[in-house]
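First up is the structure itself, then whatever we jot down about it.
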Amino acid sequence: MQYGAAAAEQAWYMPVVAPSSAVETAAERMERLASESAVVVFSVSTCCMCHAVKRLFCGMGVHPTVHELDLDPRGRELERALACLLGASGASAAGAPVVPIVFIGGRLVGAMDRVMAAHINGSLVPLLKEAGALWL
Amino acid sequence: MVQGEESSWRMERAALPLNQALAYGVQAHVAATAPPSCFLDFQPAAAAAAYFGFGELEEALIHGGAGAANAGGVDPGVIIKNDVAQAKSAAAAGYLAGAGRPPTLEIFPSWPTRHQQQLHSGNSQSVGSTTDSSSAQNTTMSQMELVSPASSAPRQEVMMVTTDDYSYKPGLAAAPAAAAPPSFQQHHPLPLQLHGDGGGDHDKRKHGSTRKDGRLVDAKTERRLAQNREAARKSRLRKKAYVQQLETSRIRLQQVEHELQRARSQGLFVGGCSAAGDMNSGAAMFDMEYARWLDDDSKRLAELRAGLQAQLLDGNLGLIVEECMQHYDELFQLKAALARSDVFHLLTGAWATPAERCFFWMGGFRPSELLKILMPQLDPLTEQQLLGICNLQQSSEQAEEALAQGLHQLHQSLADTVAAGTLNDGAAAPNYMNIMAVALDKLASLENFYQQADNLRQQTLHQMRRILTTRQAARCFLSIGEYYSRLRALSNLWASRPRDNFVGTESLSPTATELQALHHHQQNQFTGF
């Protein structure tokens with residue numbers, strides 16, 4: 001049960017995985033995943049807005065780590081955890097898709113509108129540089 | 001003077017001789033200038049009567065005459081005389097004509113007291129339409145009343161008219177005359193006496209009705225006046241009822257529209273074809289609100305222009321600029337609401353003019369394009385500002401690109417969904433409903449894209465505001481507003497340009513000049529556009 005998920009994210013690990021990951025809650029997992037890379041994007045493979053976010057980062061020369069929740073066996077829980085996070089930090093419309101959600105440097109940036117607002121007001125690039133995702 | 005009046009009265013339609021006689025009689029009493037105060041009572045009454053009709057005008061006039069007499073002991077005849085002097089030149093001759101009433105004025109034996117009160121309060125005695133034949137005359141009268149503003153002359157004329165109308169004017173004139181200084185009698189030798197019977201009081205009794213205000217009114221007049229009052233009252237009630245009906249209908253219409261919009265936004269796509277009207281309610285509401293927004297926009301532009309020219313202090317100008325910014329925010333809210341209710345209306349740009357639509361990008365202006373237009377308008381810019389704007393342009397380009405790519409992928413996936421399976425089977429395809437359901441889901445994300453596009457526009461405008469100084473920001477908003485109003489004007493011109501009949505437009509005319517030679521009224525051929 002865990003192997004599949006573990007294998008997806010830690011493919012380079014030996015199959016003997018630490019049992020501690022079995023009791024990890026979705027929220028903890030989310031945090032862990034968010035901190036693993038400079039830029040982390042939680043997305044759904046069929047979502048076009050997620051595609052837009054990915055293209056935005058690629059256009060800036062950033063290579064985000066993308067977690068496709070629909071391809072993840074524990075994706076549902078993650079999605080719920082993300083929804084809670086969003087609901088706590090900002091308004092999220094009922095029925096609106098949770099993804100894409102972007103973390104930069106382990107900190108939550110938000111959904112597409114926040115990312116674009118940050119980019120327009122010039123705060124996204126410094127954030128990326130600070131997280132080490134951008135070197136120019 | 002009398003002759004003059006006569007000629008003017010010739011314009012009257014009815015009771016001409018009577019009027020003349022009356023005029024004579026009236027003139028008889030004229031002696032001195034009437035104080036304008038007596039007309040005060042008339043003014044509101046006359047104006048009101050002009051508004052509302054005549055039955056009460058008549059009464060007002062009648063009362064006015066009496067009131068004037070009572071008030072200052074001034075003979076309405078006096079006033080009339082002055083009036084007469086002025087009336088010749090006044091256009092209100094017709095007024096007099098209009099006032100010509102058939103000699104049926106003396107009707108009722110007594111006027112209710114309220115008439116006198118009305119008279120003296122001088123307030124609008126709203127009267128509806130008159131029912132009798134003098135309505136046409138009355139119209140003239142009221143028109144005259146309206147035409148001649150607040151000078152005493154018209155009042156005098158009014159009075160003159162009124163008294164003229166009374167067949168027993170002698171009695172009328174006599175009654176006030178009784179109170180008037182004897183000079184009247186002197187001035188006026190006889191026609192009055194000829195008509196009248198001398199003292200007023202005898203006349204009253206002789207002719208029948210005596211109104212409380214001392215005027216002598218005969219039964220027929222009284223009846224007619226009462227009828228007019230009735231008609232006026234009924235007309236007032238009808239008008240009130242009609243207005244109330246309009247108001248309730250309007251409120252009901254608004255409620256219905258809101259319900260429709262609510263229902264639509266809850267995704268009532270069932271029976272889409274039959275509900276074509278319902279489908280458009282979100283669009284219709286947006287169109288209405290947008291039109292209002294445009295009106296406000298032009299006002300704001302005017303304010304900005306004025307503020308810039310007046311070299312306002314930054315504080316004050318800043319307020320105006322803030323208002324502009326909020327105004328744009330309002331527009332974005334409207335568009336967001338439209339995206340929720342009818343995203344297709346938003347994306348087709350049907351709410352915008354053709355020229356604007358030509359430059360549309362995802363339901364509105366393209367931020368980077370707008371920035372390119374604005375840059376030269378905002379010179380001079382500091383280095384830092386220039387850098388800021390360049391960065392802004394670059395980031396908005398990147399964001400636009402990302403959104404466009406996302407939308408492109410959405411289009412692709414939507415097309416793939418709709419084309420899934422075999423198209424040859426038509427609606428009988430096995431998974432038709434599935435296909436439709438999936439396609440609907442995909443369409444729902446369309447709204448998200450257009451909202452993000454509007455979000456991008458809004459953020460761009462806010463960032464511009466942050467980068468620029470107050471004056472520059474004012475010029476910036478002014479430029480944006482002016483640019484779009486030029487585009488709208490261009491659309492109007494384009495729509496109203498003189499067109500040739502389009503029969504021969506397939507054959508492209510070789511040159512514009514040749515066409516102009518042929519049809520000098522024609523400006524350009526845009527067939528190859």
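Side chains included, hydrogens not; waters and symmetry mates left out as well; all remaining heavy atoms used. In this text the structure is predicted, and so the values were computed from the model without any measurement. Order of the sequence lines sets the chain letters (A, B, ...), proteins ahead of strands, with each chain counted from 1.
Of the two parts of A:Cys58, neither the backbone nor the side chain holds a non-hydrogen atom closer than 4.5 Å to a non-hydrogen atom of chain B. The contact between A:Met116 and chain B is made entirely by side chain atoms (from C-beta outward), counting heavy-atom distances below 4.5 Å. Of the atoms belonging to B:Asn391, not a single heavy atom falls under 4.5 Å from chain A. Both the backbone and the side chain of B:Thr460 come within contact range of chain A, each with at least one heavy atom under 4.5 Å from a heavy atom of that chain.
Contact count against chain A (heavy-atom pairs under 4.5 Å) is highest for B:Leu403 among B:Ile467, B:Leu403, B:Leu392. Chain A forms more heavy-atom pairs under 4.5 Å with one residue of B:Gln412, B:Gln409, B:Gln459 than with any other, namely B:Gln409. Listed options A:Gly122, A:Gly59, A:Ala117 were ranked by heavy-atom pairs under 4.5 angstrom with chain B; first place goes to A:Ala117.
Of all the heavy atoms in B:Leu410 and A:Cys48, the pair that sits closest is CA-SG, 3.4 Å. In this structure, A:Asn121 and B:Arg466 approach most closely via the heavy-atom pair CB-NH1, 3.3 Å.
Counted within 6.0 Å of CZ on B:Phe344, heavy atoms from surrounding residues, nucleotides or ligands total 12 or fewer; the atom is thus considered open. Enclosure of atom CZ in A:Arg76 is not indicated, since only 12 or fewer non-hydrogen atoms of other residues, nucleotides or ligands lie within 6.0 angstrom.
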Using the rule given for side-chain contact (heavy atoms from CB on, under 4.5 Å), can you reason through B:Ser396 versus A:Ile120, listing the C-alpha separation, both sets of side-chain angles and the distance that settles it, and then say yes or no?
CA-CA 6 Å; B:Ser396 74; A:Ile120 291 294; 3.8 Å; yes
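For the pair B:Gln398 and A:His119, the minimum side-chain heavy-atom distance is below 4.5 Å.
Atom-to-atom distance recorded for A:Asp113:CG and B:Gln458:CD is 10.5 Å, nearest 0.5 angstrom. Of the inter-residue distances, the one linking A:Met112 atom CE with B:Gln451 atom CD reads 13.0 Å to the nearest 0.5 angstrom. Between the NZ atom in A:Lys54 and the CD atom in B:Gln405 there is a gap of 12.0 Å [rounded to 0.5 Å].
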